[in-house]
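Inspection log for the structure reproduced underneath, given as structure tokens.
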Amino acid sequence: MDIKTDALFIADSHYNFKREALCELLSNIDNGSLKCSQLFLMGDIFDFLSNEISYFKIKNKELINLIQNISTKIEVFYFEGNHDFNLSRLFPQAFVIPRDHQPFSMKLDDKSVELSHGDIFAGETYDIFCKIIRNKVVLSLLNILDIQNLISKTTEKRLANKSICNKIKDFKYIVQKRIDNYKADIVIEGHYHEGKSYTFGKRKYINIPSLACDNEFIRYNETGFIKETI
């Protein structure tokens, strides 16, 4: 699969009742006022979303329908993050890439590209944690126990009040170590809310900015990967 000119990359919008930038951006794509050839949703698009939890499906129904509608018009690639997972049934016409299928390989002209949300290569303990929180039986049980949506509403409030825009010290050093886990010429991640790019020899690393923190996303065009603002 190829990344096309005018592809858009959106990451870490953490959509909730306090952060609504995503709604405006997707509406503009859907109505054609913001043109793009492909849409890459790089994870943590919602503050929380899983097919097994009813409250968040109802709460985010408008945005779910909007993404699904866009995916009938252009290619949509949804990279599941650590806040949004088990999504294939919610977005049947999108390319949903779960964590255990990341990094996902594509081509850009003569360059190889690997994409992920960014929470991979984080150690065995974190891998086990991710498997537990994504377990459909565990989530379905939590949904049954979510009497009057108490668990969901508590989670929603905690996430909405969480500080998520702190910058990472020595991020370039972290990236330099992370990139060795990849094999491609170009590595694209979200997750870190940094919005920075680095070149190491002939290899390029791109961190998609957080829409929630910076109101920015990235477009790929003839000149490269360019930041745009809502």
Side-chain ([X]) to main-chain ([Y]) donor-acceptor, under 3.5 angstrom:
{"X": "Asp109", "Y": "Lys111", "value": "no"}
{"X": "Ser50", "Y": "Ile53", "value": "no"}
{"X": "Asp30", "Y": "Leu26", "value": "no"}
{"X": "Glu216", "Y": "Lys227", "value": "no"}

Measuring from Tyr182:OH to Ser105:OG, what's the distance to the nearest 0.5 Å?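 Answer rounded to 0.5 Å: 10.5 Å.
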What is the distance from atom CZ of Phe46 to atom CG of Leu159, rounded to the nearest 0.5 Å?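 Going from the CZ atom of Phe46 to the CG atom of Leu159 covers 14.0 Å.
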So, applying side-chain hydrogen bond (donor to acceptor under 3.5 Å, both in side chains) with Asp47, which one of Lys59, Arg19, Lys162 is it?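 That would be Arg19.
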Indicate whether the side chain of [X] and that of [Y] have a donor and an acceptor atom separated by less than 3.5 Å.
{"X": "Asp146", "Y": "Ser152", "answer": "yes"}
{"X": "Ser54", "Y": "Asn143", "answer": "yes"}
{"X": "Glu156", "Y": "Tyr55", "answer": "yes"}
{"X": "Lys136", "Y": "Asn51", "answer": "no"}
{"X": "Asn82", "Y": "His117", "answer": "yes"}

Ring centers of His83, His191 separated by less than 6.0 Å: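 No - the distance between ring centres of His83 and His191 does not fall below the 6.0 Å cut-off.
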If you compare all heavy atoms of [X] against all heavy atoms of [Y], which two are closest, and at what distance to 0.1 Å?
{"X": "Tyr126", "Y": "Arg99", "result": "CD2-NH2, 3.4 Å"}
{"X": "Ser37", "Y": "Ile74", "result": "O-CB, 3.6 Å"}
{"X": "His193", "Y": "His14", "result": "NE2-NE2, 3.4 Å"}
{"X": "Lys4", "Y": "Gln38", "result": "N-OE1, 2.7 Å"}

Could Asp170 and Lys196 be called an ion pair, given the rule that one side-chain N must be under 4.0 Å from one carboxylate O?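 Salt bridge: no.
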Taking the basic N atoms (NZ, or NE/NH1/NH2) and the acidic carboxylate oxygens, is any pair closer than 4.0 Å for Asp6 and Arg219?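 Salt bridge flag = yes for Arg219 with Asp6.
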Phe77 and Phe40 aromatic ring geometry - parallel, tilted or perpendicular at 30°/60° bounds: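 Parallel: the ring planes of Phe40 and Phe77 meet at under 30°.
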Taking the inter-plane angle between the rings of Phe171 and Tyr198 on a 0 to 90° scale, is it parallel (under 30°), tilted (30 to 60°) or perpendicular (over 60°)?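 Rings of Phe171 and Tyr198: tilted, as their planes differ by 30° to 60°.
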Kindly list each side-chain donor-acceptor pair under 3.5 angstrom involving residues 84-96, sequence neighbours excluded, with atom names and distances?
unit_1: Asp84; atom_1: OD1; unit_2: Asp44; atom_2: N; d: 2.9
unit_1: Asp84; atom_1: OD1; unit_2: Gly81; atom_2: N; d: 3.0
unit_1: Asp84; atom_1: OD2; unit_2: Asp44; atom_2: N; d: 3.1
unit_1: Asp84; atom_1: OD2; unit_2: Ile45; atom_2: N; d: 2.8
unit_1: Asp84; atom_1: OD2; unit_2: Tyr78; atom_2: OH; d: 2.6
unit_1: Asn86; atom_1: ND2; unit_2: Glu52; atom_2: OE1; d: 3.1
unit_1: Asn86; atom_1: ND2; unit_2: Arg134; atom_2: O; d: 2.9
unit_1: Gln93; atom_1: OE1; unit_2: Gln68; atom_2: NE2; d: 2.9

Is there a path from Leu41 to Ile164 through hydrophobic residues (I, L, V, M, F, W, Y) whose side chains come within less than 4.5 Å of each other?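 No, it is not one cluster - the side chains of Leu41 and Ile164 are not joined through contacts under 4.5 Å.
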Crowding at CZ, Phe17 (>12 non-hydrogen neighbours, <6.0 Å):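 Yes, enclosed.
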